[in-house]
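Working notes, beginning with the structure itself.
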Protein chains: 4
Amino acid sequence: MKDKREVHASVKDERLVEKRRDQMIKGAVSLFKQKGFHRTTTREIAKAAGFSIGTLYEYIRTKEDVLYLVCDRIYEQVRLELEELDVGEGTMESLKLGIVHYFQVMDRMQDEVLVMYQEAKSLSKDALPYVLKKEMEMVGMVEGLIQSCVDRGRLDLDSERIHLLAQNVFVQGQMWGFRRWALQKRFSLEDYMNLQIDLLFAGVIGYETHGRTGGVI
Amino acid sequence: MKDKREVHASVKDERLVEKRRDQMIKGAVSLFKQKGFHRTTTREIAKAAGFSIGTLYEYIRTKEDVLYLVCDRIYEQVRLELEELDVGEGTMESLKLGIVHYFQVMDRMQDEVLVMYQEAKSLSKDALPYVLKKEMEMVGMVEGLIQSCVDRGRLDLDSERIHLLAQNVFVQGQMWGFRRWALQKRFSLEDYMNLQIDLLFAGVIGYETHGRTGGVI
Amino acid sequence: MKDKREVHASVKDERLVEKRRDQMIKGAVSLFKQKGFHRTTTREIAKAAGFSIGTLYEYIRTKEDVLYLVCDRIYEQVRLELEELDVGEGTMESLKLGIVHYFQVMDRMQDEVLVMYQEAKSLSKDALPYVLKKEMEMVGMVEGLIQSCVDRGRLDLDSERIHLLAQNVFVQGQMWGFRRWALQKRFSLEDYMNLQIDLLFAGVIGYETHGRTGGVI
Amino acid sequence: MKDKREVHASVKDERLVEKRRDQMIKGAVSLFKQKGFHRTTTREIAKAAGFSIGTLYEYIRTKEDVLYLVCDRIYEQVRLELEELDVGEGTMESLKLGIVHYFQVMDRMQDEVLVMYQEAKSLSKDALPYVLKKEMEMVGMVEGLIQSCVDRGRLDLDSERIHLLAQNVFVQGQMWGFRRWALQKRFSLEDYMNLQIDLLFAGVIGYETHGRTGGVI
DNA sequence: AATGAATGAGCATTCATTCAT
DNA sequence: CATGAATGAATGCTCATTCAT
């Protein structure tokens, strides 16, 4: 599978395409946040992007293309932000820091993640796999962090547990955004992170060793 | 806040209203599963319910009412299925069984949960709180299970941890459905439940005590 | 091949469908006459038919359906008008009268025929065969007239000549309409009919003086 | 009336205008053949012509100009091909040969003729007369052929008959193209030509057996 | 209480044409 | 002269909702 699903643009100048799509995506994200994909019209997207409806369609083929570009962009952003996560040294501390970092990114991008979360199902059968693949890559990054702790003997987990743990962490990051109505009333981000890491690692490294007193950050 | 948001019906006969809404919800759920709320037309809903579009509007005021009724119904069903969960005896065993039971319900109703999950955002500002309240009640049920273990001294957790743990468990149940594309390829339901409970309780009851060999069921 | 291509209507009451389509076709023909199929909008068709755009689409699926219905209707009308043509007695006189009758029908319906003539190419690959089949049936009616003269020995023509003659007559009828800018300035309908029949039959009955054996090329 | 309707070009260099229009017409004809005038976009025309949409509009003012140029060109081509027809010697043989020649041209150019035939109605009130005039000139050429036979006493026809005969021949040539679905299945070009000429002349030269006095109606 | 025909605002998309570079 | 990005009016079609029967 190719890494990106090409979205057709009539305009040839690649720089311009990039620029216009930036505008478009920025506008669309903000609209999708407010009203969701279905309730947003292409005209609104064009207007929010700062150009005419005709111009919008020079850079996409269908409305769904906008959704795909939005999802793609969000993943890309999240991934860029998480890139450093890759270089975990395999210590528990670096793992925790990685997770904290991930949670912080998810906090900062919670609107975007929410959008993607709720609208991804509107992607065509054609585009969905690309987005899911991206998501798996991100889970893979978390998995990598954990794996390196296992490799260095800091954790004792089989591959299935590693994978599921990664998925749990990943979802807990998203959760902070999509269950904000329940969580953000009750916890500050810091508290949330500390508690989640605590619950997570208490399980992994064993009950007696985990000091509940000090936070990670 | 009232427990239910009343949905206006022109028809007076309450029995009939109940019956017709049953038909309507059943049809709607099946349609929403396939195509989502936005892509489903009121005509399709009426047809699936077995009556005419005119009749449909005798029992609702707007299309969104259908969504609310559907969400409401799904919660009700889930809650009914979880009712017995209430009577945890406060043993770790009963807690685990409760969670297993919850996971099984979420497995059986994954389509419905997915629908609710993805479409709830389309509810009006008016209806959303009712649905969120229901969700909190369900989290509350999980919380109750954990609490009773704490009360009986089987677990040592402060109220914040109890709450977050309950949310985690709750989301892990939903996760099985909404991340099925990633999870159900890799795990059987049984494996998933065992692993999750393992990861959960290893942390809570301490590392050395948990025998990883035997599953819960 | 079925005799008619069904055009889907959402409305069940067949009488009503018939009635509404009557209105629609009448309006459409008049518009197509003025501006052609492509330059006529569905809104205009609806308005000319006396109902809203929404209602129009209760009785058709696509704009092209209107064109098909129009073509179908025109053929039906022409055929109805030509029905009596069927009972040629096989005399030269009845043949001539048949042709005269046909020319008169084509004169009366020249607008409709022109429409069909110029717009038929816009029919989908799906619908075209039905229209062509109808046209062949009408040619067949002319052919029948000639054939019965041959059968009774009033004319001596092989089947190929019969067929081509029928096509010629058929086209000459249409010609009166679609070349009106050239013909109707110069000839009255009566003159045109007399002259065409004259030219036609002079050839047919003056057969013996012409050597049919060698082709020209 | 002028002989040509001027189509405005911004570009001054007449040679270039000629060259560009050549490209444009060639591309347009090929597109119109496939999809008709209305379904062809100006962008497609430009592309088929080998230059940009901006350049296209340096050589025309509106899309309809392209249609006019195409029609004009087709007539010009047909006329060029028929030029030799002019020099009929007034023998029956030369008349027949002329008609054969015309039929052959119409066979070769049937796509073009079909295009013109079906799209001419889309010409503006402004441009139509020029095209019709061209068509009359061509009919005039056929008429000339017949006339010279009459002049030399090989045929005995009044001017009205001459004219109508010319129109009939002309239409029979076009017919071969626009009724190809009916005719070309049944006849080879050669057969078609022989039969048509046969039917035509049998009538014309076998004249004495037919009473011209009374009309049919 | 049930029906389903009618409505029309609303939407995605196209495309002829312009104009700055 | 050539280019092609920008424009926005126009169009086919949908669908939630109403209301007369």
Side-chain angles (χ1 to χ4, degrees), chain A residues 9-13 16-17 19-20 38-47 50-66, chain B residues 9-13 16-17 20 38-47 50-66, chain C residues 9-13 16-17 19-20 38-46 50-66, chain D residues 9-13 16-17 20 38-47 51-66:
Chain A
S10 304
V11 172
K12 300 295 170 71
D13 182 343
L16 193 55
V17 171
K19 182 183 155 198
R20 292 283 179 256
H38 278 106
R39 294 201 202 285
T40 301
T41 69
T42 50
R43 278 174 154 76
E44 288 171 321
I45 296 170
K47 194 172 182 185
F51 37 69
S52 73
I53 181 67
T55 300
L56 179 70
Y57 275 88
E58 293 285 316
Y59 296 92
I60 53 162
R61 266 224 234 280
T62 69
K63 187 186 175 189
E64 205 233 272
D65 281 346
V66 180
Chain B
S10 306
V11 172
K12 302 296 166 192
D13 181 343
L16 193 54
V17 171
R20 291 282 181 255
H38 277 105
R39 296 200 200 286
T40 302
T41 69
T42 50
R43 276 171 152 85
E44 288 171 320
I45 296 169
K47 192 172 183 185
F51 39 71
S52 73
I53 181 68
T55 301
L56 180 71
Y57 274 86
E58 296 288 317
Y59 297 93
I60 54 162
R61 264 227 233 281
T62 69
K63 187 187 175 190
E64 204 232 272
D65 281 348
V66 180
Chain C
S10 304
V11 172
K12 301 296 170 70
D13 182 343
L16 192 55
V17 172
K19 184 183 153 197
R20 292 283 179 256
H38 278 106
R39 295 202 201 283
T40 301
T41 70
T42 51
R43 280 173 157 80
E44 287 170 324
I45 295 170
F51 37 70
S52 72
I53 181 68
T55 301
L56 179 69
Y57 275 88
E58 293 284 313
Y59 296 93
I60 53 163
R61 264 223 235 280
T62 69
K63 187 186 174 191
E64 204 232 271
D65 280 347
V66 180
Chain D
S10 306
V11 173
K12 302 296 164 194
D13 180 344
L16 193 53
V17 172
R20 292 282 181 255
H38 278 105
R39 295 200 201 285
T40 301
T41 69
T42 49
R43 277 170 152 84
E44 288 170 321
I45 295 170
K47 192 172 183 187
F51 38 71
S52 74
I53 181 67
T55 302
L56 180 70
Y57 274 86
E58 295 288 317
Y59 298 93
I60 54 162
R61 264 228 233 280
T62 70
K63 187 185 174 191
E64 205 233 271
D65 281 347
V66 180

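A, B, ... follow the sequence lines: proteins, then strands. Residue 1 opens every chain.
Along DNA chain E, the nucleotide nearest C:Glu58 and the nucleotide nearest D:Thr40 are compared for position; the residue whose nucleotide lies closer to the 5' end is C:Glu58. For the pair B:Arg39 and A:Leu16, nearest-nucleotide mapping onto DNA chain F gives the more 5' position to A:Leu16. Annotation: of the two residues near DNA chain F, C:Thr55 and A:Leu56, the 5′-most nearest-nucleotide partner is A:Leu56.
With distances taken from any side-chain atom of C:Tyr57 to the nucleotides F:dC13, E:dA6, F:dA6, the minimum falls on F:dC13. The side chain of A:Lys63 lies closest to E:dA12, out of E:dA6, F:dA6, E:dA12. Closest to the A:Val11 side chain, of the nucleotides F:dA5, F:dG12, E:dT13, is F:dA5. Listed candidates were F:dA2, F:dA6, F:dC13. Nearest to the side chain of C:Thr42 is F:dC13. Among the nucleotides E:dA5, E:dT17, F:dT7, the one closest to any side-chain atom of C:Asp13 is E:dA5.
In this entry the distance linking CD1 of D:Ile53 with C1' of E:dA16 reads 8 Å, nearest Å. A straight line from CZ of C:Phe51 to P of F:dT18 spans 23 Å, rounded to a whole angstrom. Note: NZ (C:Lys12) to P (E:dA6) measures 14 Å, nearest angstrom. Atoms NE2 (B:His38) and C1' (E:dC11) sit 13 Å apart, rounded to a whole Å. Rounded to a whole Å, the CD atom of A:Glu44 is 15 Å from the P atom of E:dT13. Residue A:Arg43 contributes atom CZ, which lies 9 Å from atom P of F:dA9 at whole-angstrom precision. Taking atom OH on C:Tyr59 and atom P on F:dG12, their separation rounds to 20 Å, with Å as the unit. The distance from atom NZ of B:Lys47 to atom C1' of E:dT3 is 15 Å, rounded to the nearest whole Å.
Note on C:Thr62: only backbone sugar-phosphate atoms sit closer than 4.0 angstrom, heavy atoms only; bases stay farther off. Across all strands, C:Lys19 comes closer than 4.0 Å to no nucleic acid atom at all (heavy-atom distances). Within the nucleic acid shown, C:Thr41 comes within 4.0 Å of sugar-phosphate atoms alone, with no base atom in reach, counting heavy atoms only.
The CZ atom of C:Arg39 sits 3.5 Å away from the NE2 atom of D:His38 when rounded to the nearest 0.5 Å. Atoms CD1 and OG1, from C:Ile53 and C:Thr41 in turn, are 7.5 Å apart once rounded to the nearest 0.5 Å. Rounded to the nearest 0.5 angstrom, A:Thr42 OG1 and A:Ile45 CD1 are separated by 6.5 Å.
Between D:Arg20 and F:dA2 there is a side-chain polar atom (N or O) within less than 4.0 angstrom of OP1 or OP2. Residue D:Ser52 places at least one side-chain N or O closer than 4.0 Å to OP1 or OP2 of F:dT3.
Using the Watson-Crick or G-U wobble rule with both distances under 3.5 Å, F:dT21 pairs with E:dA2. With a cut-off of 3.5 Å on both pairing distances, the Watson-Crick or G-U wobble partner of F:dC13 is E:dG10.
Residue C:Arg61 places no side-chain atom within donor-acceptor reach of the base of F:dT14, judged by atom type and a 3.5 Å distance cut-off alone.
Between D:Arg43 and A:Glu58 there is a salt bridge, with a side-chain nitrogen of the basic residue lying less than 4.0 Å from a carboxylate oxygen of the acidic one.
Among all heavy-atom pairs drawn from B:Lys63 and B:Tyr57, the shortest one is N-OH, 4.3 Å. The minimum heavy-atom distance linking A:Val17 with A:Tyr59 is given by the pair CA-CE2, 3.8 Å.
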